[in-house]
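Just so we're on the same page: letters track the sequence lines, and every chain starts at 1.
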Protein chains: 2
Amino acid sequence: MVPAETAAATELLAVRAAELYYEENKTQDEIGAILRVTRWKVGRLLAQARERGIIRIEIVHPRARRLALERDLSARFGLKDAVVVPAPADDAELQARVSEAAADYLVSHRPVPRLLGVSWGRTLHQVAEALPSGWSTAVNVVQINGGVSLSKRPGTAAATAVMIAQKAGGQATLLPSPAILERLETKKAIEGDRTVGGVLGMARGASAYLYSAGVADTSSVHVDSGYLTPADIAGLVERGAVGDVIGRYITADGTIADPELDARTLGLGLEELRAAATSILVIGGEPKHAVARAIVTHGLCSVLVTDEHTARALLSEPGDDTSLRADTGLESATTASREDAS
Amino acid sequence: MVPAETAAATELLAVRAAELYYEENKTQDEIGAILRVTRWKVGRLLAQARERGIIRIEIVHPRARRLALERDLSARFGLKDAVVVPAPADDAELQARVSEAAADYLVSHRPVPRLLGVSWGRTLHQVAEALPSGWSTAVNVVQINGGVSLSKRPGTAAATAVMIAQKAGGQATLLPSPAILERLETKKAIEGDRTVGGVLGMARGASAYLYSAGVADTSSVHVDSGYLTPADIAGLVERGAVGDVIGRYITADGTIADPELDARTLGLGLEELRAAATSILVIGGEPKHAVARAIVTHGLCSVLVTDEHTARALLSEPGDDTSLRADTGLESATTASREDAS
DNA sequence: GGTGGTCGTGCTCATATGAGCAGAAGCCGG
DNA sequence: CCGGCTTCTGCTCATATGAGCACGACCACC
């Protein structure tokens, strides 16, 4: 035999084998006959072709998931579960797919939560809409952060919780309070109110939480709703805020950006969220990568539902911005994961 | 059972099964256990997913081929053989791949031709270069149409034939004549010359032909070489010429565009090419779709080596573009090439 | 309400495939 | 030229998979 460029020859053979196997669906035996090699060699050739990525198998379907990414995310961030959907180019479509996936997850999640704590926002509303009627039986729902009574489109927050409860044939308990109060005393007073206090107590006892997160910019629902001014947001950003989780603005290292503001924010606390057995974060889209990273790297969620771009962003090197802000010792205390430079 | 939206539910199940099978490579049994169906159902689900195109298997490799298209082409146009390569976005790259594929084909083609008739041009030169040294033993080569003595880069035509022969350890016989003569008498005289006549005779006896084709526009090698002026080309286009085959300009319906010019063109005739047992056309790229169609639909080649876009264009409805080209006249002729990524 | 047709199901069984192994074939430093 | 090394080859055998079949559910049309 000519000991010529065997490497290239083998590769070409592998390509031919792959074509015959996957496109012509011939049997490895037949391929062996055609390429004049034994069927075992054909098998090895195909294995090699798969390893070397010559053969690409892709599942093209809106409801497809990226299981490999899910596994990586779970491992890297110590999540109980992760759902990653393929990202369409269109952002609206992406949000819809992520929301759908969250609804699917909720439907099939076991054990079924007795009481589900929910936040509100555009994403959560989409999740609620994506849930099928009768998605569960007798799941009660409780709001975990202040509503959106000042909103131009009032009732969104309430509608979300109610819809989720209704579709499961359960009761919704709303939190009848603004999200952020102007004065600390007012907040304390409202918190002390029997009704509000009762709801908060109930929220603390929920067996699972479902929430999304907002970006720290002027497109936030908080600005839209009048709780914060663009100037407030600017101030928060200056303090390193990357976004809000159930109304509380956090920095990249997972801490409260502005404690004074946070004290006036009514609802479940970050620590309560962190301590929860099941806290499902639904988040997708490029602008939210930073918040998503902050939440996920600091153990604020136990289940993540997102798109593949976000997933990849989370898994890739945290990069410069994190190191800028997180050179305190705090990071190691709150981080459940370590970054390995692979 | 809830007789709910079973179609959608089945599809989703198929997607999940596909993920587990192809991405996680679990066994159908295991998948059955996970999805709570029998393993037979999993098999059926996967079959369905493949049918419905949910699973896309692709072979990504420069040397990959599109066997399905090859089969379709052979069937549709009664070819003895077809080679279709995937088309890269870059046109230069595409030409290279098609040429390589042609070289591969030549190497493995059986029976090995005793005498190979070749034309010349950019494509053929690339094929020659892509042939490995010692690609065969004792294959002699003969030029089948007039050379390019007037060329700015002289010797290309000769170099191509010589290189092919040399790499097979054979002899090259060149056709020492211009491609197109200015006067019919001159052509007849040269044709009558012992040497030239002998070579032509030899060319007629070749056991296989290898050639490409040019587009009827000013970028043609004929203009480059000075055999034709841009005005000549414009005239040809007006007569419906779509391109040239071994120097002879043909229309979309496979006939000689300008008999007077053709009479002055020296080399193998179209009928001789059509009658040949093996005539290998190497052609690729969007601008050449029209010529390719003309050649292939009128039996001028028995083997086609091309790219997948050209293949698809040939297989799709003949219709509009041909007629469009015919009446746009010069405009389409002078447009060197428009790359489109369809 | 019967009755034939179509569909989906779970099976048996033949076949295709991958794991694992023993021997052959290069490959190299003595 | 030789032993030790890795790499490749062709095999045996267990397992995974698809074809084909019989049965039951469902449906439409009498």
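Comment: B/Glu70 does not engage B/Arg66 in a salt bridge, judged by the lack of any side-chain N to carboxylate O separation of less than 4.0 angstrom. Comment: B/Glu19 engages B/Arg16 in a salt bridge, judged by a side-chain N to carboxylate O separation of less than 4.0 angstrom.
For DNA chain D, the neighbouring residues in residues 22-40 of chain A, judged by any heavy atom under 4.0 Å, are A/Thr38, A/Trp40. A heavy atom closer than 4.0 Å to some atom of DNA chain C occurs in B/Lys41, B/Arg44, these being the qualifying members of residues 41-51 of chain B.
Here the side chains of A/Val83 and A/Thr306 are not in contact, with every heavy-atom distance at 4.5 Å or above.
Legend: residues meeting salt bridge (Lys or Arg N to Asp or Glu O under 4.0 Å) with B/Glu24, ordered by chain and number and at least two apart, are A/Arg71. In this structure, A/Arg39 has no salt bridge (Lys or Arg N to Asp or Glu O under 4.0 Å) partners at least two apart in sequence or on a different chain. With sequence neighbours left out, A/Asp104 forms a salt bridge (Lys or Arg N to Asp or Glu O under 4.0 Å) with A/Arg63. Scored by the side chain to side chain donor-acceptor pair (under 3.5 Å) test, A/Thr278 finds A/Lys80 as partners (sequence neighbours excluded). In this view, A/Asn140 and A/Leu115, A/Gln171 satisfy the side-chain contact (heavy atoms from CB on, under 4.5 Å) rule, not counting sequence neighbours. Residues meeting the salt bridge (Lys or Arg N to Asp or Glu O under 4.0 Å) test with A/Glu23, sequence neighbours left out: none.
Taken over five-pair windows at either terminus, the axes of the helix from C/dG1-D/dC30 to C/dG30-D/dC1 are inclined to one another by 30° (rounded to 10 degrees).
Contact footprint of chain B on DNA chain D: nucleotides with an atom under 4.0 Å from a non-hydrogen protein atom, first to last in 5' to 3' order, D/dA16 to D/dG18.
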Under 3.5 Å, which donor-acceptor pairs do the side chains of residues 42-55 of chain B form with other protein atoms, sequence neighbours left out?
residue, atom, partner, partner atom, Å
B/Arg50, NH1, B/Tyr22, OH, 2.7
B/Arg52, NH2, B/Glu11, OE1, 2.8

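Judged purely by atom type and a 3.5 angstrom limit, B/Thr123 has no side-chain atom pairing as donor or acceptor with the backbone of B/Ser212.
Listed by first and then second residue, the ring-ring contact (aromatic ring centres under 6.0 Å, His included) pairs that reach into residues 65-105 of chain B are B/Tyr105-B/His109, sequence neighbours excluded.
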